[in-house]
Amino acid sequence: MIKLAIDFENPGREWWENGGRDLWESITEGFDNNDVAVDESIAKSWLAAAAEIPGWEGGPEFAPHPICLKEVDEDEIV
């Protein structure tokens, strides 16, 4: 398992406005989440779809994309 998470350090709005919000809400299933734990294969597939939406690239070096990957903590219940 791995987490997809909103990268709040990425200032871009273009991705969110061009369909990224709908894509994000499709994986969080309507919950108001800042992150979601998924299988790594699902994360890879989701990230490939996210990269097709305008605005995915172009953030600062420390936050290049609106969504990032995070490790799931060992003691975290998912």
Side-chain angles (χ1 to χ4, degrees):
M1 297 288 284
I2 195 152
K3 282 187 191 178
L4 293 169
I6 295 174
D7 192 339
F8 290 104
E9 294 184 345
N10 180 292
R13 294 196 165 280
E14 181 183 7
W15 183 81
W16 294 100
E17 294 168 355
N18 286 318
R21 184 171 319 285
D22 291 335
L23 184 63
W24 179 249
E25 289 174 356
S26 75
I27 199 157
T28 60
E29 299 177 359
F31 294 103
D32 188 23
N33 289 332
N34 295 330
D35 60 35
V36 61
V38 296
D39 288 327
E40 288 188 42
S41 62
I42 292 172
K44 287 180 183 179
S45 173
W46 190 92
L47 288 169
E52 297 295 317
I53 298 173
W56 179 251
E57 298 287 338
E61 185 176 323
F62 57 88
H65 310 293
I67 305 296
C68 62
L69 290 175
K70 292 185 175 182
E71 295 293 323
V72 175
D73 294 331
E74 289 181 22
D75 60 343
E76 190 172 356
I77 299 172
V78 290

Which pair of non-hydrogen atoms, one from Ala43 and one from Leu4, has the smallest distance, and what is that distance? CB-CD2, 4.2 Å
Applied to residues 6-20, the side chain to side chain donor-acceptor pair (under 3.5 Å) test, sequence neighbours excluded, yields none
List the atom pairs, donor and acceptor, that lie under 3.5 Å between side-chain atoms in residues 54-69 and the rest of the protein, sequence neighbours left out.
unit_1: Trp56; atom_1: NE1; unit_2: His65; atom_2: ND1; d: 3.0
unit_1: His65; atom_1: ND1; unit_2: Trp56; atom_2: O; d: 3.0

Considering residues at least two apart in sequence or located in another chain, which fulfil the side-chain contact (heavy atoms from CB on, under 4.5 Å) criterion with Asp39?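 side-chain contact (heavy atoms from CB on, under 4.5 Å) check on Asp39 returns Met1, Ser41, Ile42.
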Trp46: ring-ring contact (aromatic ring centres under 6.0 Å, His included) partners, not counting sequence neighbours: Trp24
Between Ile2 and Glu71, is the side chain to side chain contact (heavy atoms under 4.5 Å, CB included) condition met? List the steps. CA-CA 5 Å; Ile2 195 152; Glu71 295 293 323; 4.1 Å; yes
